[in-house]
S.K.: 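Let me begin by handing over the structure; questions about it come next.
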Amino acid sequence: MYKIGVAGSGAMGGRIGLSIKEAGYDVTLIDNWEEHVNYININGAEVQTESKKYSIKIPAVLTENVSDKFDLIIILTKAMTSEMMLQQLQDKNCISEDTAILSMMNGLGHEERLSKYVPLSQIYLAVTMWTAGLRGPGQWLLEGKGSIDLQRADGKKDKCTEFILNILNEAGLNARISNDVFKSIWSKATLNSVLNPLCTILDKTIYEFGTYIEAKNMIIPLVKEIVTVAKAKNIFLDSEELLDKIESAYPKEAQGLHYPSMHQDLNNGRLTEIDYLNGQITAYGKKLNIPTPLNTMITHLIHQLEMKI
């Protein structure tokens, strides 16, 4: 049977992995959180949706103990641990020349980092608009609807892309093949590079940030920096469209009541993904000789806050 590994089985990893398991596929959750892995293997994965609570039997394994060779590995670790995860899986002979690597992580530049370990022809990029929550070890809150855009990292179409698409859609994940997944990735990264760090620095929910009368004037120059860097990389974003997308997150009935994931990470004593958002934009800016003072300052501010961890 086609074997699928979900590397990084936190909130979103659980959402994707459990959905595919329920569609009848052979799925293994891979993680480095021992309490999480043990709970799943003893009690099953516990799921709470809008309407019901139930348990799913699914194998979970610590990365150090994984032994299977996979046909598809979905990477949903934190961005800063993705290379270590892929290296560990390679060392364990879990990856062959036919293994597809599907990155669904937030942030920018994953194709560049992952291609150090496997060819671009084996790497697939996806951006997901699903949400998920982890209430404790082995316990997920899975509410709402979402979608997934995906494409092979080198832009080429192949049978494997269609096969991954079919798996995701059989799992009810509303996937589609994109002709420009990088635009989708940069669009989501812009949203995250604005709301994640600003709400974290200011200690505000998305709604609280959006109620400030000058919020738009705060984010316009930040978005312009990102759009300028993206254009230099032949990724063409619409500033007004991005501003609308950011502001649509403000209402309480949208994402407004939530603290972004970066705020949650910092307040739970974890390092953030700032280097893969604003920090990555700054790095691209330096390489392209494009000034990015706002993204650079935001990166420094978050790193300052991380010093208390």
Side-chain angles (χ1 to χ4, degrees), residues 5-17 29-33 36 63 73-90 95 101-118 120 122-132 134 148-151 153 181-182 184-200 226 229-230 233 235 259-287 292 295-296 298-303 305-306 309:
V6 180
S9 300
M12 189 56 65
R15 163 137 251 172
I16 302 301
L29 301 180
I30 305 166
D31 208 90
N32 288 315
W33 184 10
H36 186 52
T63 310
I73 296 174
I74 301 172
I75 306 288
L76 270 162
T77 63
K78 288 291 185 180
M80 52 277 211
T81 62
S82 61
E83 289 187 67
M84 182 176 67
M85 173 64 80
L86 203 58
Q87 182 66 70
Q88 288 176 311
L89 294 176
Q90 271 196 334
I95 301 171
I101 306 296
L102 175 62
S103 168
M104 299 182 72
M105 295 177 287
N106 285 329
L108 301 169
H110 297 307
E111 73 285 354
E112 300 163 12
R113 286 179 283 274
L114 298 181
S115 64
K116 299 175 191 175
Y117 304 91
V118 294
L120 274 179
Q122 286 180 243
I123 299 172
Y124 298 79
L125 302 175
V127 58
T128 177
M129 300 309 294
W130 288 92
T131 60
L134 196 61
I148 296 172
D149 285 356
L150 75 143
Q151 187 179 26
V181 76
F182 288 100
S184 299
I185 289 170
W186 273 77
S187 178
K188 186 175 181 183
T190 302
L191 175 76
N192 288 335
S193 296
V194 172
L195 294 180
N196 272 14
L198 291 180
C199 288
T200 300
I226 298 170
V229 172
K233 292 180 66 65
I235 297 161
Y259 290 100
S261 59
M262 186 175 291
H263 185 285
Q264 296 176 43
D265 284 339
L266 195 67
N267 281 273
N268 284 306
R270 297 188 294 263
L271 295 176
T272 74
E273 295 180 305
I274 191 67
D275 287 333
Y276 303 87
L277 294 166
N278 307 78
Q280 185 64 65
I281 293 158
T282 293
Y284 286 146
K286 287 180 179 177
K287 188 174 182 179
T292 57
N295 281 281
T296 301
I298 283 174
T299 303
H300 288 313
L301 289 172
I302 294 296
H303 282 318
L305 291 173
E306 287 178 331
I309 294 174

S.K.: Please name the pair of heavy atoms, one in Ser193 and one in Ile226, separated by the smallest distance, quoted to 0.1 Å.
M.R.: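 Scanning both residues, the minimum pair turns out to be CB-CD1, 4.0 Å.
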S.K.: With the side chain counted from C-beta on, respond yes when Asn196 and Glu273 share a heavy-atom pair under 4.5 Å apart, and no when they do not.
M.R.: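 In short, these two side chains do not touch, never coming nearer than 4.5 Å.
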S.K.: Heavy atoms only: give me the nearest Arg15-Ala132 pair and the separation to one decimal.
M.R.: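 Arg15 and Ala132 have their closest heavy atoms at CB-CB, 3.9 Å.
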S.K.: Between the side chain of Asn268 and the main-chain N/O of Arg270, is any donor-acceptor distance below 3.5 Å?
M.R.: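 Here the side-chain-to-backbone pair does not exist.
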S.K.: Under a 4.5 Å cut-off applied to non-hydrogen side-chain atoms, are Asp265 and Lys78 in contact?
M.R.: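 Yes, their side chains come closer than 4.5 Å.
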S.K.: Do Met105 and Met12 make a side-chain contact, defined as non-hydrogen atoms from C-beta onward lying under 4.5 Å apart?
M.R.: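 With C-beta onward as the side chain, the pair stays apart.
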S.K.: Residues two or more places apart in sequence or in another chain: which of them pass salt bridge (charged side-chain N to carboxylate O under 4.0 Å, His left out) with Glu83?
M.R.: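 Salt bridge (charged side-chain N to carboxylate O under 4.0 Å, His left out) check on Glu83 returns Lys116.
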S.K.: I want to check something: taking the side chain as every heavy atom from C-beta on, are Tyr276 and Asn106 in contact at a cut-off of under 4.5 Å?
M.R.: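 No, side chains not in contact.
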S.K.: Is there a side-chain contact between Asn32 and Thr81, using heavy atoms and a 4.5 Å cut-off?
M.R.: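 No - every pair of side-chain heavy atoms lies 4.5 Å or more apart.
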S.K.: Side chains of Ile298 and Leu198: closer than 4.5 Å at any heavy-atom pair?
M.R.: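 Yes, at least one pair of side-chain atoms sits under 4.5 Å.
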S.K.: Output the distance between atom CG (Leu114) and atom CD1 (Ile75), rounded to the nearest 0.5 Å.
M.R.: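 Interatomic distance, Leu114 CG to Ile75 CD1, rounded to 0.5 Å: 6.5 Å.
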S.K.: Is there a side-chain contact between Glu111 and Ser103 in this structure, where contact means two heavy atoms from C-beta onward sitting under 4.5 Å apart?
M.R.: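 The answer is no, as the side chains (C-beta and beyond) never meet within the 4.5 Å cut-off.
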S.K.: Could you grab the distance from atom CG of Leu86 to atom OG1 of Thr63, nearest 0.5 Å is fine?
M.R.: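 Reported to 0.5 Å precision, the distance equals 11.5 Å.
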S.K.: Taking Tyr117's backbone N and O only, do any of them form a donor-acceptor pair with Gln90's side chain (distance below 3.5 Å, no angle check)?
M.R.: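 Between the backbone of Tyr117 and the side chain of Gln90 there is a qualifying donor-acceptor contact (under 3.5 Å).
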S.K.: Could you pull out the closest heavy-atom pair between Gly10 and Asp31, with the gap in Å?
M.R.: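 Heavy-atom minimum between the residues: N-OD1, 3.9 Å.
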S.K.: Nearest 0.5 Å please: distance from the CD1 atom of Ile185 over to the CE atom of Met104.
M.R.: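 It comes to 10.5 Å.
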S.K.: Not counting sequence neighbours, which residues clear salt bridge (charged side-chain N to carboxylate O under 4.0 Å, His left out) with Asp149? List them please.
M.R.: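 If we apply the salt bridge (charged side-chain N to carboxylate O under 4.0 Å, His left out) test to Asp149, skipping adjacent residues, the hits are Arg176.
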S.K.: I'd like to know if the side chain of Thr282 reaches the main chain of Thr296, judged simply by a donor and an acceptor atom lying under 3.5 Å from each other, with no hydrogens or angles considered.
M.R.: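 Judged by distance alone, yes, a pair lies under 3.5 Å.
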S.K.: Does some side-chain heavy atom of Pro197 sit less than 4.5 Å from a side-chain heavy atom of Ile274?
M.R.: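 SC-SC contact between Ile274 and Pro197 confirmed.
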S.K.: How would you list all residue pairs meeting side-chain hydrogen bond (donor to acceptor under 3.5 Å, both in side chains) that involve residues 123-132, not counting sequence neighbours?
M.R.: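 Sorted result for residues 123-132: Tyr124-Asp158.
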S.K.: Check Leu150 against Ala126 and note the closest heavy-atom contact, atom names and distance.
M.R.: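 The answer is CB-CB, 4.0 Å.
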S.K.: Can you name the closest pair of heavy atoms from Gly8 and Met85 and give their distance?
M.R.: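 Shortest heavy-atom contact: N-CE, 4.1 Å.
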S.K.: Quick one: pull up NZ in Lys233 and CZ in Phe182 and give me the separation to the nearest 0.5 Å.
M.R.: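 It comes to 8.5 Å.
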S.K.: Hey, could you give me the CG/OG1 distance between Leu195 and Thr200, rounded to the nearest 0.5 Å?
M.R.: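 Separation between the atoms: 10.0 Å.
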S.K.: Here's a test for you: under side-chain hydrogen bond (donor to acceptor under 3.5 Å, both in side chains), which of Thr292, Asn192, Asn295 qualifies with Asn278?
M.R.: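 When Thr292, Asn192, Asn295 are each tested with Asn278, the side-chain hydrogen bond (donor to acceptor under 3.5 Å, both in side chains) holds only for Asn295.
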S.K.: How long is the straight-line distance from OG of Ser184 back to CD1 of Ile148, given to the nearest 0.5 Å?
M.R.: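 One gets 12.0 Å once the value is rounded to the nearest 0.5 Å.
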S.K.: Between Leu29 and His36, does a side chain to side chain contact (heavy atoms under 4.5 Å, CB included) hold up when you go through it step by step?
M.R.: CA-CA 10 Å; Leu29 301 180; His36 186 52; 5.8 Å; no
S.K.: Only one of Gln264, His303, Glu306, His263 clears side-chain hydrogen bond (donor to acceptor under 3.5 Å, both in side chains) with Thr272; which?
M.R.: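 Considering Gln264, His303, Glu306, His263, a side-chain hydrogen bond (donor to acceptor under 3.5 Å, both in side chains) with Thr272 is found only for Glu306.
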S.K.: Looking only at heavy atoms, which two atoms of Gly13 and Val6 are closest? And how far apart?
M.R.: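 Between these two residues, the closest heavy atoms are O-CG1, 3.6 Å.
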